[in-house]
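Written below as structure tokens is the structure these notes are about.
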Amino acid sequence: MKVGNQPFGTAPNGTNGILPEKRSFQKSALGQLLFSLRRNRVGLFGTVIVFFVLFIAVFGPLVAPHDPLQHNLRGRFKSPGYTDAKGTFLLGTDQLGRDILSRVVAGTRISVVVGVLSVVIAGVTGVSYGLLSGFAGGVVDNLMMRIADAFLAIPFIVLVVAVSGVIGASLVTLIFILGLTSWVTYARVTRAEVLAVREMDYVMAARALGQSDIKIMFKHILPNVTGSIIVLATMMVATTMLAEAALSFLGLGVQPPTVTWGLMLSDGRQYIGSAWWMSTFPGIAITITVLGVVFVGDWLRDLLDPRLRGQ
Amino acid sequence: MQTFLISRLSQMALTIFIVSLIVFFLVRLKGDPVAVMAPPTFSESQVEALRKAWGFDKPLFEQYIVFLRKALTGDFGLSIQARIPAMELVLNRLFNTYLLAATSALVGLVIAIPLGVISALNRNSWLDIVTTTAATLGTAMPNFWLGLMLILIFSVNLRLLPAFGALEPAAIIMPALTLGTGIAARLSRLTRSAMLEVLGQDYVRTAHAKGLSNRIVIVRHALRNSLIPVVTALGLQLGWLLGGSVVVESVFAWPGVGRLMIESIGVRDITVVQAALFWFALSFIAINLLLDIVYTLIDPRIQLRGERS
């Protein structure tokens with residue numbers, strides 16, 4: 001850390017300043033990430049949350065103290081900390097006596113799966129669309145971007161509510177609906193980059209060498225957008241998770257008996273006058289998860305794409 | 001001004017045309033539109049009669065022309081439940097939605113701008129840290145959950161405010177706070193960074209050097225200029241606001257278009273869903289056009305041209 005104070009040419013350990021182990025450390029992508037995380041406390045905090053959430057999503061059933069679907073009619077509406085012969089219910093129980101903590105744990109998996117998969121779908125769709133549009137240029141490009149703009153003219157949640165309301169949602173359709181309604185931003189970012197890069201000398205050189213458009217797209221243009229897309233995708237995971245919770249809350253998302261945070265909140269609303277814990281804890285789970293993702297997104301943005309700052 | 005308006009209006013027309021395609025295909029996503037639109041209680045022959053009556057037996061292109069011609073006059077067909085034009089149902093609820101959206105935007109601005117300014121003026125102070133943290137938390141929190149928590153605190157525990165409906169003026173407080181804090185969370189960060197950028201400009205130093213009071217420099221020179229990106233963002237946030245209203249109106253049983261949409265989905269009254277969807281898009285497009293014009297009022301440097309800069 002004191003390198004900056006040393007006279008030029010000498011390093012703290014008296015060598016010529018080129019520390020082999022440090023160089024190799026900084027070379028690897030993972031090493032760079034870790035190095036930057038050490039200096040970004042918010043990013044580190046976010047990463048810890050995200051890894052914790054992923055751990056719960058994968059190992060949920062092993063961690064949960066109870067079966068999230070197990071009814072217990074004698075233990076209904078018990079407040080947090082309730083204990084009986086079946087054990088302790090740390091966050092209380094719901095209207096059917098099911099353990100809130102175990103249900104929050106079970107809901108993590110749905111939230112993560114929906115968030116990640118729909119972002120993958122949106123990213124692939126949007127990036128391909130943007131590549132095509134930017135490469136086509138002219139009238140086709142103009143038309144394609146107008147179509148994309150029209151999607152932006154309908155607020156995201158409104159569109160998702162309408163589509164899932166009309167065709168009816170299961171887990172799979174929900175993932176596709178969320179993915180296929182949120183691709184426009186990826187398309188715009190990619191297209192802008194294509195337009196900027198397309199006229200660069202090295203692309204012209206590649207073309208002169210006889211490389212095909214497809215090869216130019218993937219080899220020369222895509223790597224330029226990767227940073228922006230990763231940042232965007234991270235932010236969109238947060239947006240999608242919130243959208244999924246809202247849809248489930250409205251009864252338009254994943255249907256019971258699948259456990260989701262949104263459905264739990266929808267139950268909680270019905271009993272808000274008598275069982276505050278039912279509507280409180282699932283919301284805290286969503287907020288913490290989204291917060292973690294947002295922190296990671298902020299950190300990645302500073303790291304990969306400082307141009308996006310302030311948007 | 002004229003060329004700007006003409007160009008923007010023609011862009012709008014194109015966007016509306018594509019929105020109409022989205023609304024048109026919405027009921028056809030699953031293949032047979034009648035299966036989607038007919039109430040589940042209808043018998044086979046009633047479904048067939050419906051198919052004829054709504055013209056779903058005609059070629060797709062012809063259907064779309066008919067749909068578009070009617071949609072442009074605001075005719076989306078009859079609501080199956082209420083048996084009055086779907087658009088009429090939407091228009092009846094419109095005032096409530098706009099009232100809530102406007103109040104929320106106002107709440108958002110009233111919270112965000114002072115907080116953003118104070119944050120920027122006291123950079124890295126505890127006040128700044130608290131504000132920025134609260135803003136981040138505000139963006140991460142699902143708005144319907146915030147709504148539930150407000151109900152829990154102010155209706156269930158303190159018994160101060162009505163939990164739902166729109167029967168008394170106080171009923172708007174909680175939905176507007178729910179949506180408004182969401183807006184505030186997004187805008188205060190932006191106000192802060194815009195303000196910081198402006199405070200570093202030469203003309204602010206000049207104004208100080210001229211001996212103007214701190215207050216005049218901040219309000220007249222710094223704040224006014226930092227509002228420009230805030231207005232831009234407000235336009236984008238209105239999309240979030242309209243979307244959020246769908247969910248928040250349902251939490252508070254606020255009788256607006258968003259709640260109408262959810263109710264109509266529940267009873268498969270799809271013409272109403274289409275009308276509402278179309279109206280949401282129209283409002284959003286119109287609001288953004290208005291904001292483009294507002295730019296010129298707060299920033300005379302911006303020349304109205306065909307394209308947004």
Side-chain angles (χ1 to χ4, degrees), chain A residues 42 142-143 146-168 177 238-239 241-243 245-247 249-252 261-262 265-266 268-269 272-274 276 278-280 282-295 298 309-311, chain B residues 11 14-19 21-23 26-27 29-30 36-37 136-137 139-146 148-149 151-152 155-157 163 189-190 193-194 197 229 238-247 250-251 258 261-262 264-266 268 270 273-274 276-277 280-282 284-285 288:
Chain A
V42 174
N142 218 327
L143 187 68
R146 284 285 149 261
I147 294 174
D149 280 349
F151 273 89
L152 287 183
I154 304 178
F156 176 54
I157 285 281
V158 177
L159 187 58
V160 173
V161 161
V163 175
S164 59
V166 169
I167 71 175
I177 289 170
T239 309
M241 281 177 160
L242 287 173
L247 281 179
F249 176 74
L250 293 171
L252 300 173
W261 294 335
L265 286 175
S266 163
R269 174 170 66 158
I272 196 160
S274 50
W276 59 267
M278 282 178 66
S279 46
T280 304
I284 293 177
I286 302 176
T287 306
I288 291 177
T289 306
V290 172
L291 204 61
V293 176
V294 168
F295 282 156
D298 278 344
R309 208 173 301 185
Q311 275 186 11
Chain B
Q11 254 182 46
L14 190 61
T15 312
I16 292 172
F17 166 70
I18 295 166
V19 168
L21 275 178
I22 297 176
V23 175
L26 179 69
V27 293
L29 281 174
K30 253 184 141 178
V36 171
M37 295 174 82
T136 314
L137 207 62
T139 43
M141 212 184 273
N143 51 19
F144 58 95
W145 181 61
L146 178 61
L148 287 179
M149 291 299 104
I151 292 179
L152 198 57
S155 301
V156 176
N157 286 326
R189 282 172 86 172
L190 198 84
S193 58
E197 201 178 315
L238 281 168
W240 182 86
L241 191 61
L242 286 175
S245 74
V246 174
V247 188
S250 294
V251 173
M261 197 166 155
I262 303 291
S264 305
I265 287 172
R268 309 216 63 76
I270 305 298
V273 179
Q274 284 181 302
L277 185 61
F280 270 117
L282 274 192
F284 189 41
I285 295 170
N288 275 311

Nearest heavy atoms of [X] and [Y], plus distance in Å:
| X | Y | value |
| --- | --- | --- |
| A:Ala246 | B:Val247 | CB-CG2, 4.1 Å |
| A:Val166 | B:Arg268 | O-NH2, 2.9 Å |
| A:Val158 | B:Phe280 | CG1-CD1, 3.6 Å |

If you round to the nearest 0.5 Å, how far is [atom2] of [Y] from [atom1] of [X]?
| X | Y | atom1 | atom2 | answer |
| --- | --- | --- | --- | --- |
| A:Ile157 | B:Asn143 | CD1 | CG | 8.0 Å |
| B:Met141 | A:Leu291 | CE | CG | 9.0 Å |
| A:Thr280 | B:Leu148 | OG1 | CG | 8.5 Å |

Which region of [X], side chain (C-beta onward) or backbone (N, CA, C, O), has a non-hydrogen atom less than 4.5 Å from a non-hydrogen atom of chain A, or is it both or neither?
| X | result |
| --- | --- |
| B:Val19 | both |
| B:Leu137 | both |
| B:Ile22 | side chain |
| B:Val23 | neither |
| B:Thr139 | backbone |

Relative to chain B, which of [options] shows the most heavy atom pairs under 4.5 Å?
| options | answer |
| --- | --- |
| A:Gly283, A:Pro155, A:Gly292 | A:Gly283 |
| A:Leu159, A:Val294, A:Val160, A:Leu250 | A:Leu250 |
| A:Ala162, A:Gly251, A:Ser164 | A:Ala162 |
| A:Ile272, A:Ile154, A:Leu242 | A:Ile272 |
| A:Thr287, A:Val290, A:Val161 | A:Thr287 |

Just by distance, do the side chain of B:Trp145 and the backbone of A:Ser279 share a donor-acceptor pair under 3.5 Å?
yes
Hey, which of B:Ile270, B:Val273, B:Ile262, B:Leu282 has the most heavy atom pairs under 4.5 Å with chain A?
B:Ile262
Between B:Ile285, B:Thr136, B:Val27, B:Ile16, who has the most heavy-atom pairs with chain A when the cutoff is under 4.5 Å?
B:Thr136
State, yes or no, whether a side-chain contact exists between A:Val163 and B:Leu26 at a heavy-atom distance under 4.5 Å.
yes
Of all residues at least two apart in sequence or in a different chain, which pass the ring pair (Phe, Tyr, Trp, His ring centres under 6.0 Å) check with B:Phe144?
A:Phe249
Check each atom of A:Ile284 against the heavy atoms of chain B and say whether the ones under 4.5 Å are side chain, backbone, both or neither.
both
Quick one: which of B:Ile18, B:Leu21, B:Thr15 gives a side-chain contact (heavy atoms from CB on, under 4.5 Å) with A:Ile147?
B:Ile18
